[in-house]
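For reference, the structure discussed in these notes is given below.
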Amino acid sequence: MYRPDFPATPFRLGLYPVVDSVEWIERLLDAGVRTIQLRIKDKTDDAVEADVIAAIALGKRYAARLFINDYWRLAIKHQAYGVHLGQEDLQTTDLAAIRQAGLRLGVSTHDDMEIDVALAVRPSYIALGHVFPTQTKQMPSAPQGLQQLAAHVKRLGDYPTVAIGGISLARAPAVLETGVGSVAVVSAITQAEDWRKATAQLLALAGVGDE
Ligand SMILES: Cc1ncc(COP(=O)(O)OP(=O)(O)O)c(N)n1
Ligand SMILES: Cc1nc(C(=O)O)sc1CCOP(=O)(O)O
Ligand SMILES: [Mg+2]
């Protein structure tokens, strides 16, 4: 069986909001979230560096697991807890530098072949998406659905996993029933009528993750 070749995360990362600003990071950490990602798209490193520094500082202040999406050089430079990368990023990233710097690595996957690629990298966790249709990101593939998610979770055994894509409060219980270690959400929190209530309800279902 495969084991991570990057620093470990707990199997259960719990509720994992993916957000695009330092303001959201601070709000959600203050609301009790302990696994979170800063996902700012299509900017230069220079343009996002101040936000990356601020997000990492907040992650440390709240003893949270703060992942930086895409900007792996900045994540290393400022010592984030971890980095999240997509499949296409794997070809252009210095993975050894991330490992040597002691950062955790999460990798996106969307089917069995992408899981093979991810397992070859032996990241800290494997993200499984998109489970349901999503309005947040244009996806080239079809939603995998709960059955396929459950099959992936079973295949991966005790490898840490994160489900993402179209996960709402109503759908979260069925997602968690697959045995996946974490649910990552964007719109279920950021587009909620009452984000505090939505976060509290999702935390009650998915938890804050294990130590
Ligand atoms: C937890 C988690 N899972 C998947 C993704 C998607 O990452 P990626 O494929 O790199 O796509 P972008 O988010 O960069 O558009 C994620 N960010 N987080
Ligand atoms: C950023 C992202 N990555 C996905 C993947 O499948 O890799 S799905 C997704 C968007 C998730 O947003 P929401 O919770 O609003 O559906
Ligand atoms: Mg990415």
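Atoms within each ligand, like the ligands themselves, are counted from 1 in listed order.
The Mg ion (ligand 3) is closest to atom OD1 of Asp70 (considering only N, O or S atoms).
Residues Met139 and Val162 do not share a hydrophobic cluster, clusters being chains of Ile/Leu/Val/Met/Phe/Trp/Tyr side chains in contact below 4.5 Å. Following chains of ILVMFWY side-chain contacts shorter than 4.5 Å, one can reach Leu58 starting from Trp195, so the two form part of one hydrophobic cluster. In the hydrophobic clustering of ILVMFWY residues, with side-chain heavy atoms under 4.5 Å counting as a link, Trp24 and Val52 come out together. Hydrophobic clustering places Leu149 together with Ile126 (ILVMFWY residues linked when any side-chain heavy atoms are closer than 4.5 Å, directly or through intermediates).
Cation-pi geometry between Arg99 and Phe6 is met: under 6.0 angstrom from the ring centre, within 45 degrees of the axis. Tyr81 carries Arg104 over the face of its six-membered ring, with the cationic atom under 6.0 Å from the centre and within 45° of the normal.
On a distance-only criterion, Asn69 and ligand 1 share at least one N/O pair closer than 3.5 Å. Considering backbone and side-chain N/O atoms, His110 never comes within less than 3.5 Å of an N/O atom of ligand 1. Of the N or O atoms in Leu85, none lie within a sub-3.5 Å distance of an N or O in ligand 1. For Ser108, a nitrogen or oxygen atom sits less than 3.5 Å from a nitrogen or oxygen atom of ligand 1, counting backbone and side chain alike.
Close approach of ligand 1 to Asp89 is summarised as follows: ligand atoms under 4.0 Å from at least one heavy atom of the residue are 10 (O). Taking every heavy atom of Ile164 and a limit of under 4.0 angstrom, the matching atoms of ligand 1 come to 2 (C), 3 (N), 4 (C), 18 (N). Set against the non-hydrogen atoms of Gln37, the atoms of ligand 1 under 4.0 Å away are 1 (C), 2 (C), 16 (C), 17 (N), 18 (N). Within ligand 1, the atoms closer than 4.0 Å to a non-hydrogen atom of Gly86 are 8 (P), 9 (O), 10 (O), numbered from 1 in the order shown.
For atom 5 (C) of ligand 1, the closest heavy atom belonging to the protein is His84 NE2, 3.3 Å. Distance from atom 11 (O) of ligand 1 to its nearest protein heavy atom, with residue and atom name: Lys137 NZ, 2.7 Å. Taking atom 13 (O) of ligand 1 as the reference point, the nearest protein heavy-atom neighbour is Arg39 NE, 2.6 Å.
Side-chain atoms of Thr93 do not come within 3.5 Å of backbone N or O of Leu90 as any donor-acceptor pair. In this structure, the side chain of Gln144 engages the main chain of His110 through a donor-acceptor pair within 3.5 Å.
Note on Asp70 versus Arg39: no salt bridge recorded, every NZ/NE/NH1/NH2 to OD/OE distance being 4.0 Å or above. Using a 4.0 Å cut-off between charged side-chain N and carboxylate O, Asp116 and Arg155 make a salt bridge.
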Table of N or O contacts for ligand 2, cutoff 3.5 Å:
unit_1, atom_1, unit_2, atom_2, d
ligand 2, 6 (O), His110, NE2, 3.2
ligand 2, 6 (O), His130, N, 3.3
ligand 2, 7 (O), His110, NE2, 2.7
ligand 2, 12 (O), Thr136, OG1, 3.3
ligand 2, 14 (O), Val186, N, 2.9
ligand 2, 15 (O), Thr136, OG1, 2.4
ligand 2, 15 (O), Ser187, N, 2.9
ligand 2, 15 (O), Ser187, OG, 2.6
ligand 2, 16 (O), Thr134, OG1, 2.6
ligand 2, 16 (O), Gly166, N, 2.7

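Taking a 4.0 Å cut-off on heavy atoms, Lys41 registers as neighbouring ligand 1.
With a 4.0 Å heavy-atom cut-off, ligand 1 is reached by no atom of Phe67.
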Quick one: do Asp94 and Ile76 satisfy side-chain contact (heavy atoms from CB on, under 4.5 Å)? Show the steps, please. CA-CA 11 Å; Asp94 186 347; Ile76 292 174; over 6 Å; no

For residues 169-190, run the donor-acceptor check on the side chains, cut-off 3.5 Å, and write out each pair with its distance to 0.1 Å, sequence neighbours left out.
unit_1, atom_1, unit_2, atom_2, d
Arg171, NH1, Gly166, O, 3.0
Thr178, OG1, Val175, O, 2.6
Thr178, OG1, Val180, N, 3.4
Ser182, OG, Gly14, O, 2.7
Thr190, OG1, Val186, O, 3.2

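Taking the six-membered ring for Trp and thresholds of 30 and 60 degrees, Tyr16 and Phe67 have ring planes inclined between 30 and 60 degrees apart.
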